Amino acid sequence: MSTQLPDDFKCPISLEIMSDPVILSSGHTFDRVSIQRWLDSGHRTCPITKLPLPERACLIPNHALRSLISNYTLVSPSKSQPCSQPQTLVSALTSPSSPIGTKLDSLTHLAGLTKRDSSLRRKLTESGAVPAVLKFVDSEDPVLQEKALSLLLNLSLDDDNKVGLVAEGAVNRVVKILRIGSPDCRAIAATIITSLAVVEVNKATIGAYPDAIPALVRLLIAGKGREKKEAATALYAICSFTDNRRRAIDCGAVPILINLLDLGLERAIEVLGLLVKCKEGREEMMKVNGCVKVLVKVLKNGSSRGVQYGLFTLNCLCNYSESFCFEARKQGVLGICLGLVEEENEKIKRYLSNLVQTLSGNHAIG
């Protein structure tokens with residue numbers, strides 16, 4: 001598998017495909033196991049830049065890259081047919097006289113080539129082929145549309161392409177797919193949003209599109225399993241930008257996310273962990289009956305990442321409202337916290353300590 005996926009998905013230390021990519025303060029991404037082993041060995045420099053790191057290096061989960069890696073094989077095109085030279089494929093794709101079948105073959109082959117060749121991704125964008133790809137994203141033919149989206153996703157993998165794709169009008173097309181595309185196309189479209197949002201400036205641009213966030217929220221309601229997960233991941237990616245949190249809240253995302261979390265979509269707690277940072281988000285969570293029970297469920301049954309976000313969200317709410325703090329005590333949160341004291345995750349330890357202090361002191365600020 002590692003030989004078929006883009007080099008961007010490989011850890012610079014182990015050279016293996018990353019299963020839990022994290023970002024160092026130097027800005028470079030590594031697999032958590034590899035970089036933790038590096039740090040545990042006493043190193044206090046970035047393996048790539050060699051620049052010094054803080055004494056307590058912070059490892060920030062790269063959710064966008066993790067989602068791209070985990071879903072990449074699901075959007076990989078067929079490799080049953082022999083490939084032509086890239087230049088020939090681009091010419092066939094962009095030529096007005098090429099038959100539609102030839103264009104489909106070109107899309108298929110280019111998607112296969114660009115998924116593992118970063119230099120070809122750059123050449124393709126520089127060749128002026130992006131408008132042709134976006135035209136097929138607009139196609140009413142679902143096969144053409146899906147192949148074009150797969151190619152667009154590949155092109156978006158390179159940071160150098162992300163701003164340019166947005167400037168070319170990719171977001172408008174992708175948002176349209178989120179609203180009216182097939183289930184597979186909607187899932188790919190949401191993944192493209194996640195990929196484009198890796199670049200900070202794109203978060204604001206995407207959120208400013210009138211229907212971008214509403215379309216993702218609707219996908220949380222109407223989508224199937226993979227669509228819901230990708231929509232939640234995309235919301236997480238763009239809601240690190242403060243204005244987008246309020247937009248998501250205004251679209252009614254909070255009760256939908258809490259319901260999905262109760263149904264087992266753990267990615268929802270990560271989005272709630274961002275929305276709880278603003279007053280409007282906390283107020284909406286307070287309105288949802290059973291919110292405490294759902295968060296307690298995450299603490300009891302969630303993964304390490306889920307527990308981390310669950311503790312943070314609970315602490316924010318308990319600090320904000322005395323009644324919420326009382327309800328959390330009533331639901332036995334203090335006892336659950338005692339059962340987590342052996343956790344080795346540094347963030348869990350910190351959030352655990354904060355929550356215990358909040359529940360013990362009952363010092364709500366709301």
Side-chain angles (χ1 to χ4, degrees), residues 63-65 67-68 71 75 130-131 133-139 145-146 148-157 159 161-224 226-257 260 265 267-268 270-275 277-278 280-281 284:
H63 295 285
L65 182 57
S67 179
L68 291 173
N71 286 283
V75 300
V130 170
V133 178
L134 293 176
K135 179 182 177 181
F136 287 113
V137 170
D138 281 336
S139 172
Q145 195 174 77
E146 186 174 345
L149 284 167
S150 297
L151 179 52
L152 185 62
L153 173 58
N154 293 350
L155 296 179
S156 76
L157 294 175
D159 286 355
N161 288 343
K162 296 181 193 295
V163 174
L165 288 173
V166 170
E168 292 266 18
V171 176
N172 188 46
R173 267 67 168 224
V174 168
V175 169
K176 181 179 178 182
I177 298 299
L178 288 174
R179 292 190 289 108
I180 62 174
S182 68
D184 285 342
C185 286
R186 290 199 298 261
I188 301 171
T191 308
I192 292 172
I193 293 290
T194 301
S195 179
L196 294 174
V198 169
V199 175
E200 285 297 316
V201 68
N202 282 351
K203 299 179 195 291
T205 305
I206 293 169
Y209 274 78
D211 207 30
I213 291 177
L216 289 170
V217 173
R218 284 196 294 270
L219 200 55
L220 290 177
I221 302 171
K224 300 185 184 301
R226 182 181 164 216
E227 296 167 81
K228 292 178 188 290
K229 181 181 177 182
E230 292 307 318
T233 302
L235 281 173
Y236 181 87
I238 62 178
C239 282
S240 61
F241 180 68
T242 305
D243 288 353
N244 289 342
R245 296 172 195 166
R246 296 188 178 92
R247 290 172 177 140
I249 292 163
D250 289 342
C251 290
V254 168
I256 296 167
L257 287 164
L260 288 174
L265 182 65
R267 186 63 52 84
E270 300 175 15
V271 188
L272 291 169
L274 291 176
L275 303 186
K277 292 181 179 181
C278 60
E280 297 88 344
E284 287 301 306

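Computed over heavy atoms, backbone and side chain alike; hydrogens, waters and symmetry mates excluded. A quick note: this is a predicted structure, and the numbers were derived from the prediction, not measured. Just so you know, residue 1 is the first one in the sequence shown, and it goes up from there.
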Please walk me through it: do Asn161 and Val130 pass side-chain contact (heavy atoms from CB on, under 4.5 Å)?
CA-CA 10 Å; Asn161 288 343; Val130 170; over 6 Å; no
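- Contact of the Val198 side chain with the Leu65 side chain is not registered, since no non-hydrogen atoms from C-beta on lie closer than 4.5 Å.
- Here the side chain of Asp243 pairs no donor or acceptor atom with the backbone of Ala204 at under 3.5 angstrom.
- Looking at heavy atoms from C-beta onward, Leu275 lies in side-chain contact with Leu257 at the 4.5 angstrom threshold.
- The main-chain N or O of Cys239 is found under 3.5 Å from a side-chain atom of Arg245 such that the two form a donor-acceptor pair.
- Within the structure, ring-ring contact (aromatic ring centres under 6.0 Å, His included) pairs that include any residue of residues 235-254 comprise His63-Tyr236 (at least two apart or interchain).
- Applying the salt bridge (Lys or Arg N to Asp or Glu O under 4.0 Å) criterion to Glu168, with sequence neighbours excluded, gives no partner residue.
- The backbone N or O of Thr191 lies less than 3.5 Å from no partner atom in the side chain of Ser195, so there is not a single donor-acceptor pair.
- The two residues Ala189 and Ile177 make their nearest non-hydrogen contact at CB-CG2, 3.8 Å.
- Between the side chains of Ser139 and Gln145, no donor N or O sits under 3.5 Å from an acceptor N or O.
- To the nearest 0.5 Å, atoms CD (Glu280) and CZ (Arg246) are separated by 5.0 Å.
- Thr242 OG1 to Lys203 NZ: the interatomic distance, rounded to the nearest 0.5 Å, is 11.0 Å.
- Inter-residue side-chain proximity for Val166 and Val199 is flagged as unmet; no heavy-atom pair is nearer than 4.5 Å.
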If you apply the rule side-chain contact (heavy atoms from CB on, under 4.5 Å), what do you find for Thr205 with Val171, and how did you get there?
CA-CA 9 Å; Thr205 305; Val171 176; 5.6 Å; no
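- Checked options Ile238, Leu196, Ile193, Leu165; the residue passing with Asn202 is Leu196 (criterion: side-chain contact (heavy atoms from CB on, under 4.5 Å)).
- Residues Ala190 and Ala234 approach most closely at O-CB, 3.6 Å, considering heavy atoms.
- Inter-residue side-chain proximity for Leu274 and Asn244 is flagged as unmet; no heavy-atom pair is nearer than 4.5 Å.
- Atom CG of Leu153 and atom CG of Leu68 lie 6.0 Å apart (nearest 0.5 Å).
- In this structure, Ile188 and Glu230 have side chains that are not in contact, with every pair of non-hydrogen atoms separated by 4.5 Å or more.
- Side-chain atoms of Glu227 come within 3.5 Å of backbone atoms of Lys224 as a donor-acceptor pair (strictly under, hydrogens ignored).
- To the nearest 0.5 Å, atoms CD (Glu284) and CD1 (Ile249) are separated by 7.0 Å.
- If you take CG on Leu235 and CZ on Arg247, they are separated by 12.5 Å, rounding to the nearest 0.5 Å.
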Does the side-chain contact (heavy atoms from CB on, under 4.5 Å) test come out yes or no for Asp184 and Arg226, once each step is laid out?
CA-CA 9 Å; Asp184 285 342; Arg226 182 181 164 216; 4.0 Å; yes
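- Rounding to the nearest 0.5 Å places CG of Leu155 at 4.5 Å from CG of Leu151.
- In terms of modelled atom types and a separation under 3.5 Å, the side chain of Lys162 and the main chain of Ser156 share a donor-acceptor contact.
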Atom pairs and distances, donor-acceptor, side-chain atoms in residues 213-222, under 3.5 Å, two or more places apart:
residue : atom : partner : partner atom : Å
Arg218  : NH2  : Asp211  : OD1          : 3.2
Arg218  : NH2  : Asp211  : OD2          : 2.8

